[in-house]
Amino acid sequence: MKKPVYIQSVGSVSAQKTFDSSSFLEDIITYNDTTVRVIDPNYKEYIPPAAARRMAKGIKMSTVSAKNALTEADLEEREVDAIIVGTGLGCIGDSEKFVKDIIDNDEQFLTPTRFIQSSHNTVAGQIALGMGCKGHNFTYVHSSISLESSLLDAKLQLEEDEAQTILVGAVDELVDHHVNTHHLIGHIKKEPTETFNVLKSQTKGAIFSEGAHFFVLSNKKKAGSYAELLGIKTFNTLQIEEVENEILQFLNENILDPEEIDLLLLGNNGDVEFDTYYQTLNEGTFVSHSKAYFKHLSGEYDTANGFGFWLANKILKEGVVPSAVLRDNHEITSPKTILIYNQYRGENHSLLLLRKC
Amino acid sequence: MSELKQELKEKIIEQLNLEDVAVDEIQDNDLLFGEGLGLDSIDALELIVMLDKDYGIKLADPKEGRKIFESVQTMAAYIEANRSR
Amino acid sequence: MGRGVAITGMGIISAIGNNVQENLRSLTSNKIGISKITQIKTIHEDEIMVGEIEDTNPVLEKKLGIEANQWSRTVLIGSIAAKEALESAEITDINEVSTGFISGTTVGGMDKSEQYFYDYEKNPGIRQHITGLHAGDSTNKIAKYLGLEKGFVTTISTACSSAANAIMLGARMIKSGQLDRVIVGGTDSLSKFTINGFKTLMILSDTYSTPFDDNRKGLNLGEAAAYLVLESDAMVQKKQKKVLGYVKGYGNANDAYHQTASSENGDGAVLAMQKALKVAGLLPESIDYLNAHGTATPNNDLSEGRALLRIFKDGVPEFSSTKSFTGHTLAAAGGVEAVYSVLALQNNLIFPNLNFQTPMKEFDLTPITETKEKPLQTVLSNSFGFGGNCSTLIFSKEA
């Protein structure tokens with residue numbers, strides 16, 4: 001008998017004030033740019049200076065999110081059985097600096113810290129080191145399904161009761177060289193775009209950003225649990241005309257009818273070329289379903305769906321859909337079941353299914 | 001020698017990102033590793049690069065660093081005796 | 001009860017051969033793949049020895065039938081090995097059943113990123129490599145080359161245990177019924193990035209690496225790609241598949257000791273081996289051959305040796321590190337050594353640990369130094385990595 005999987009707590013550092021759990025997207029920070037950085041929490045409150053001195057920004061953001069998630073779950077560190085982290089590019093700031101040092105100094109006088117930090121699994125490794133967690137420790141680095149792969153791994157273990165409590169996280173940094181090169185190939189919008197215009201911009205490319213989102217998953221329901229994670233599915237490729245059918249099939253696999261989905265949370269990032277995947281849901285079976293969006297608030301990065309997952313969990317627990325994530329003005333109250341659909345540039349599609357508990 | 005020691009303290013703080021440590025908090029004979037300043041094996045590798053880059057001293061075996069990096073005093077003495085720049 | 005996880009195909013490209021047969025021939029004829037570096041220009045060329053794949057990128061591109069300079073070397077070698085794996089499993093339609101592709105890599109497209117770092121602005125002709133920096137991009141390209149559509153495709157990067165972990169995830173997904181079939185392993189090409197990175201850690205040997213030798217000086221870096229095809233019992237029955245061996249056990253643990261070094265007593269390694277034995281339902285004494293991580297760094301071999309003694313006490317199985325042939329192929333190592341473990345089972349052969357002369361003074365452990373014939377039922381393979389990552393796989397002849 002497979003055990004159910006619950007999200008016990010959340011922790012988030014993003015371009016919005018999500019690290020502060022006292023309010024829920026009431027006070028939206030708006031930007032008018034082509035790239036957006038996170039709102040930095042006071043890292044010193046979370047990380048002692050001796051530990052922080054070698055930490056890349058991605059590790060700092062992750063440490064804050066992970067600590068917030070663990071605190072909210074009211075867990076002792078030793079109760080965590082496994083740590084699984086997803087990241088598109090890891091601590092790419094340090095990778096870039098190391099490459100630059102290699103070229104600029106002709107392979108001389110290089111120091112190890114940047115190399116160590118640029119190993120993709122440094123976040124999961126350092127969190128384990130900090131907590132003394134000797135359990136399963138995995139890092140998934142598959143572009144826009146890095147987090148989803150991590151959730152799938154965690155779900156597999158929790159269902160089979162191989163682990164009872166797992167810390168799952170996702171992180172990506174925004175750094176200069178990466179931004180410059182992605183401007184060159186048009187993956188970032190040419191024109192600065194105001195936050196609430198991003199989704200209707202009708203221009204190519206996305207607003208690049210960064211963030212760290214961590215979650216405690218468990219196979220035991222507790223009083224404070226956010227939601228039950230019913231299903232996850234990812235696809236390396238999907239044609240636009242296949243999207244609706246695959247969603248229907250996925251719901252079928254999870255023994256749900258389309259009518260039982262109260263809210264579709266979609267990964268539109270305002271890229272006129274690729275938002276077409278989501279537009280197919282504005283006709284057919286899902287034409288009249290309520291839809292919400294989040295990437296105008298979070299920006300786009302490999303693990304931006306971490307913001308979406310955070311948002312879905314908050315909506316289910318608080319019973320409120322913040323107006324900032326709705327496009328048309330119709331209100332939705334207390335949705336019970338949310339489906340998240342995300343993809344990036346037509347690749348790495350994911351479906352996540354969450355139910356109130 | 002005392003100038004070199006001052007210079008080393010500044011470099012250690014800068015190179016190893018010891019934001020919360022001030023130069024006058026490091027005594028010449030304080031242990032840099034373990035109980036003392038709390039440096040570790042990765043810091044030792046950083047210091048080996050510093051020896052190479054700033055003083056022209058190459059260490060082939062990281063184990064050699066253990067004695068040299070015991071304190072600012074031992075580091076300064078080693079550098080004085082072996083520097084090529 | 002868990003189901004069996006059958007290995008029905010495998011493929012490999014390494015410094016000792018461009019396919020499974022060539023690798024086997026090298027392993028049994030002591031043909032070492034370590035040499036001076038020729039394909040990357042580096043100021044360290046006289047101070048290091050590496051395990052390079054013989055074929056240059058243009059040769060690989062020709063073999064794959066793709067355009068010049070579109071893909072990272074990591075993708076090129078990965079495609080060669082994955083294709084061989086599919087062919088050996090006699091899979092002609094990759095999309096006929098629920099199929100996954102799980103690949104491990106540490107560098108992804110770093111070879112191209114470092115080459116063109118400052119050139120993207122002025123040279124539009126190389127901008128295809130910009131997105132190649134994503135580790136996941138290399139996996140997606142291989143999946144596309146294989147023709148996999150609408151599949152479960154992901155990438156694991158846990159440093160030098162990446163491919164071992166890819167095999168582990170694949171086995172778990174087959175066992176739980178999430179996939180019918182999955183291609184698992186890893187790929188990493190050599191790059192200036194890794195050469196200089198390991199150089200800063202001062203763990204590269206300037207001569208042939210000597211795993212488990214008292215006078216070991218460090219590791220030789222290598223490049224390789226290796227994949228297994230795993231299938232469920234039901235698939236094996238339905239298709240009357242020839243089974244090469246089984247993934248019998250797996251275990252992953254974290255040393256939680258240091259960012260790069262292993263703990264004195266190999267805590268993480270002990271936990272990983274214990275978990276794998278438990279999953280396999282085997283006692284330590286039933287392991288017939290152990291393919292060690294054995295990188296030949298002072299730290300790894302001491303830590304791993306102590307871990308072996310803790311698990312096996314005075315009955316440490318016959319063991320060797322085949323990294324003396326291939327170099328340490330980082331993310332691919334777990335895949336390479338999985339292929340070698342299956343070859344060991346198929347041929348009842350233990351491959352030698354080359355260059356070994358003097359036992360370490362800390363304990364009395366001597367690896368197998370010449371090819372040895374022995375009936376083998378189970379092989380245990382270790383892969384450890386930075387970030388405290390420790391993984392163990394157990395392969396068996398019978399389910």
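Quantities reported herein were computed from a predicted structural model and do not represent experimental measurements. Chain naming here is simple, since letters A, B, ... match the order of the sequence lines and numbering starts at 1 in each. Heavy-atom basis, side chains included; hydrogens, waters and symmetry copies ignored.
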#### Entry: Note: K275(C)-E162(A) ion pair, threshold 4.0 Å (strictly below)
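Looking at K275(C) and E162(A), the cut-off is not met.
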### Query
Is any side-chain N of the basic residue among D267(C) and K134(A) closer than 4.0 Å to the acidic one's carboxylate O?
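Answer for the salt bridge query: yes.
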State the [atom1]-[atom2] distance between [X] and [Y], to the nearest 0.5 angstrom.
X: H134(C); Y: E347(A); atom1: NE2; atom2: CD; result: 10.5 Å
X: H136(A); Y: M168(C); atom1: NE2; atom2: CE; result: 7.5 Å
X: D153(A); Y: M173(C); atom1: CG; atom2: CE; result: 9.0 Å
X: K2(A); Y: S176(C); atom1: NZ; atom2: OG; result: 5.5 Å
X: S157(C); Y: F138(A); atom1: OG; atom2: CZ; result: 11.5 Å
X: N105(A); Y: I43(C); atom1: CG; atom2: CD1; result: 10.0 Å

Are any of the side-chain heavy atoms of [X] and [Y] separated by less than 4.5 Å?
X: Q157(A); Y: R172(C); result: yes
X: F98(A); Y: T200(C); result: yes
X: V99(A); Y: F193(C); result: yes
X: L238(A); Y: E149(C); result: no
X: Q259(C); Y: Q117(A); result: yes
X: L201(C); Y: F115(A); result: yes
X: F117(C); Y: I102(A); result: no
X: F235(A); Y: F152(C); result: no

### Message
Main chain of N137(A), side chain of N252(C): is a donor-acceptor contact present, judged purely on distance under 3.5 Å?
### Response
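Checked: pair present.
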### Query
Is the backbone N or O of F386(C) less than 3.5 Å from a side-chain atom of N121(A), with the two atoms forming a donor-acceptor pair by type?
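Yes: the side chain of N121(A) pairs with the backbone of F386(C).
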Among [options], residue most engaged with chain A (heavy-atom pairs, under 4.5 Å):
options: G268(C), G100(C), A272(C), G136(C); value: G136(C)
options: G151(C), A253(C), G388(C), A135(C); value: G151(C)
options: T158(C), N196(C), D255(C); value: N196(C)

Interface moiety of [X] toward chain A, non-hydrogen atoms closer than 4.5 Å:
X: T106(C); result: backbone
X: Q178(C); result: side chain
X: F198(C); result: both
X: M110(C); result: side chain
X: I156(C); result: both
X: T42(C); result: both
X: L133(C); result: both

In terms of heavy-atom pairs under 4.5 Å with chain C, which of [options] leads?
options: G88(A), C133(A), G132(A); value: C133(A)
options: D101(A), N348(A), T113(A); value: N348(A)
options: S144(A), P112(A), G125(A); value: P112(A)
options: I103(A), T122(A), N180(A), V123(A); value: I103(A)
options: R114(A), E96(A), H177(A); value: H177(A)

Exercise: identify the closest heavy-atom pair between [X] and [Y]:
X: L129(A); Y: A256(C); value: CD1-C, 3.4 Å
X: S119(A); Y: A159(C); value: OG-CB, 4.1 Å
X: A143(C); Y: N236(A); value: CB-ND2, 3.9 Å

### Message
Looking only at side-chain N and O atoms, does N165(C) offer a donor or acceptor that is under 3.5 Å from a partner on Y140(A)?
### Response
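Short answer, no.
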### Query
Is there a donor-acceptor contact under 3.5 Å linking the side chains of H142(A) and N140(C)?
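Result is yes, a qualifying pair exists.
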Side chain, backbone, both or neither: which part of [X] has a heavy atom under 4.5 Å from chain C?
X: I127(A); result: neither
X: E148(A); result: neither
X: D81(A); result: neither

### Message
I185(A) vs T131(C), test: side-chain contact (heavy atoms from CB on, under 4.5 Å). Steps then yes/no.
### Response
CA-CA 9 Å; I185(A) 50 177; T131(C) 50; 3.9 Å; yes
